[in-house]
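Heads up: the structure comes next, in structure tokens.
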Amino acid sequence: MSPECAGWLRKTQYPPLTNYIRFYMRTSIASIHPDTGYAEIMGWVHEIRDLGGLLFLLIRDRSGFIQVTLPRKKVPPAVLVTAEGLSRESVVCVKGRVVAIEKAPGGREMIPDEIALLNRAESPLPLDVVEKVPAELDTRLDARFLDIRKPRVTAIFLIRSRVMQIIGDFFHSRGFAYVTTPKVVAAATEGGTELFPIAYFEREAFLSQSPQLYKQMMMAAGFEKVFEVGPIFRAEEHNTTKHLNEATSIDVEVSFADERHVMALLEELIVEIYSGVAEECAEQLDTLKLHNFEVPETPFPRIPYADAIEIASRRTESEIAYGEDIGTLAEKAIGEEMGVHYFIIEWPTAIKPYYAMPFEQRPEICRAFDLMHPRMELASGAQRVHLHDTLVRQIRAKGLNPESFEFYLKPFRYGMPPHAGWGLGMERLIMTMLDLGNIREAVLFPRDRHRLVP
RNA sequence: GCCCAGGUGGUGUAGCGGCCUAUCAUGUCGGCCUGUCACGCCGACGACUCGGAUUCAAAUUCCGACCUGGGCGCCA
């Protein structure tokens, strides 16, 4: 064992700073090439193949795999003893010579001088990281930390991380301010959806279902362009592959803009995300076997609600009345017809929230829109009502009491600019982009109707 | 919330009244093997969600509970 390994193996003391840096500066497995010469790697034992005279260890870190080969007669006895005692998924440090060899994965392998067992993994494992036997989602989520070690799952979250970065860059480069708004709130923002009640000292409070009211308040605050990426909580008891009780919402609000402006912004963002992922996450897309990853083309088709239900009625062979919400089956039918991302526009005012701005000439429809992927809804937005009295009228029209919205209404009396915005579901975006079958695949630790742990 | 389908070794499954001291794969342990890459071969280990009922006999049928998956509803 090298002094470095020995140093930080002693759990009771921190290693000297130089070794600490060395730890983080270790050679990542993916960066090891046939001509690397000598390397020190840290990782997990992915597989062990014992051929008798030859022992192969497949070592994995987040970046990839390398084969460590031990010719039994040639390696130091101490190294052999350590290698023979390893269990799958144990954490090891391996130092050794890098050899170019055609037969090995990646055209190189390591012949070890030293192997240090940093932490032994118990067996049996609750989950097969190698995936010789597939595990059900429920089993996988119970042992999520192991599940995430699978290259396929790692790839999803490395892409998600990159998408977060792309979103930040996109908005900052366009003059948006990144805001964070409270997730503990006093009341429902818009009624309708179920809220999670929590105890807030001696009062009752709720987990926020949407930053809607706060980002509008930032328009009143003169911020003009804001975005937020944050959690939203919905207490609905749904049980589907596309709903979560805790989700991540990408929220945007822009002053002096109407719905057309923010729709253009939204489709631009979608394209930026797809093309960024295509360019910068080629390796992860390859791991996910997404060889035909396509960047959507703009502009996305815009179809009025009236046309959408007509398509749905025709394709599902069942009459959908004007003014009905678009159900799951209708949504699928329209998606099949469209085949690409599209917007549904000109929604009936009656089925959109009170803050959606009705058209002046035809107040029965409003300036709201949904962004759809062929599989499901991704985002919804609108030009908002910025006029106090219209807003009060619309709140009443929904059967709600304006008095209970006083904290929301107040900013509208002191110079609220016209504005528009939208909210985009991060998990649905990832799910549809990466063709995942279940939205839980797009969250590290999903919260659904039944799952609160881990 | 409604409807449907399920709960069998660590994991994924077969079996669906007696042929079950329960199949197969993977895993784990032991043995053999110098180029594996789903390594191979030999041997062993390891399971019927819980409670009640029917029956000579229950993994298998019935009832209840708990848990899970899926569809729908609901849902900016």
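The shown structure was predicted, so the numbers you read here are calculated from the model rather than taken from an experiment.
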Sequence neighbours excluded, the answer for salt bridge (Lys or Arg N to Asp or Glu O under 4.0 Å) partners of R447(A) is none
Would you say S63(A) and I29(A) make side-chain contact, with heavy atoms under 4.5 Å?
yes
List for me each residue that meets side-chain contact (heavy atoms from CB on, under 4.5 Å) alongside P446(A), sequence neighbours excluded, and say none if there are none.
L141(A), L244(A), R440(A), V443(A)
For the residue pair Y214(A) / D251(A), report whether a side-chain donor-acceptor contact shorter than 3.5 Å exists.
no
Side chain of H243(A), base of C75(B): donor and acceptor closer than 3.5 Å?
yes
Between P on U26(B) and CD1 on I48(A), what's the gap in Å once rounded to a whole number?
17 Å
Indicate, with a heavy-atom threshold strictly under 4.0 Å, whether A356(A) touches base, sugar-phosphate, or nothing.
nothing
Measure up the F412(A) and H419(A) rings against each other and bin them: parallel (under 30°), tilted (30 to 60°), perpendicular (over 60°).
tilted
For E102(A), answer base if it contacts any base atom (sugar-phosphate contacts may also be present), sugar-phosphate if it contacts only those atoms, and nothing otherwise; contact means non-hydrogen atoms under 4.0 Å.
nothing
For RNA chain B, which residues of residues 389-399 of chain A approach it to below 4.0 angstrom with any heavy atom?
none
Kindly state which residues belonging to residues 63-86 of chain A come within less than 4.0 angstrom of RNA chain B, counting heavy atoms of the residue only, listed by number.
Q67(A), K73(A)
With no angle test and no hydrogens, is the base of G1(B) tied to the side chain of E236(A) by a donor-acceptor pair under 3.5 Å?
no
Are V340(A) and H373(A) packed together at the side-chain level, in the sense that at least one heavy-atom pair is separated by less than 4.5 angstrom?
no
Looking at every strand, decide which applies to N438(A) at a 4.0 Å heavy-atom threshold: base, sugar-phosphate, or nothing.
sugar-phosphate
R88(A) CZ to C37(B) P, straight-line distance once rounded to whole Å
16 Å
G10(B) -> Watson-Crick or G-U wobble partner, both distances under 3.5 Å, gives U26(B)
Any residue in residues 312-334 of chain A with a heavy atom nearer than 4.0 angstrom to RNA chain B? Just list them by number, or reply none.
G327(A), T328(A), K332(A)
Separation of E131(A) atom CD from U13(B) atom P, in whole Å?
14 Å
Rounded to whole Å, how long is the line connecting atom CD of E377(A) with atom P of A76(B)?
9 Å
Show every ring pair (Phe, Tyr, Trp, His ring centres under 6.0 Å) that has at least one partner inside residues 64-104 of chain A, sequence neighbours left out.
H46(A)-F65(A)
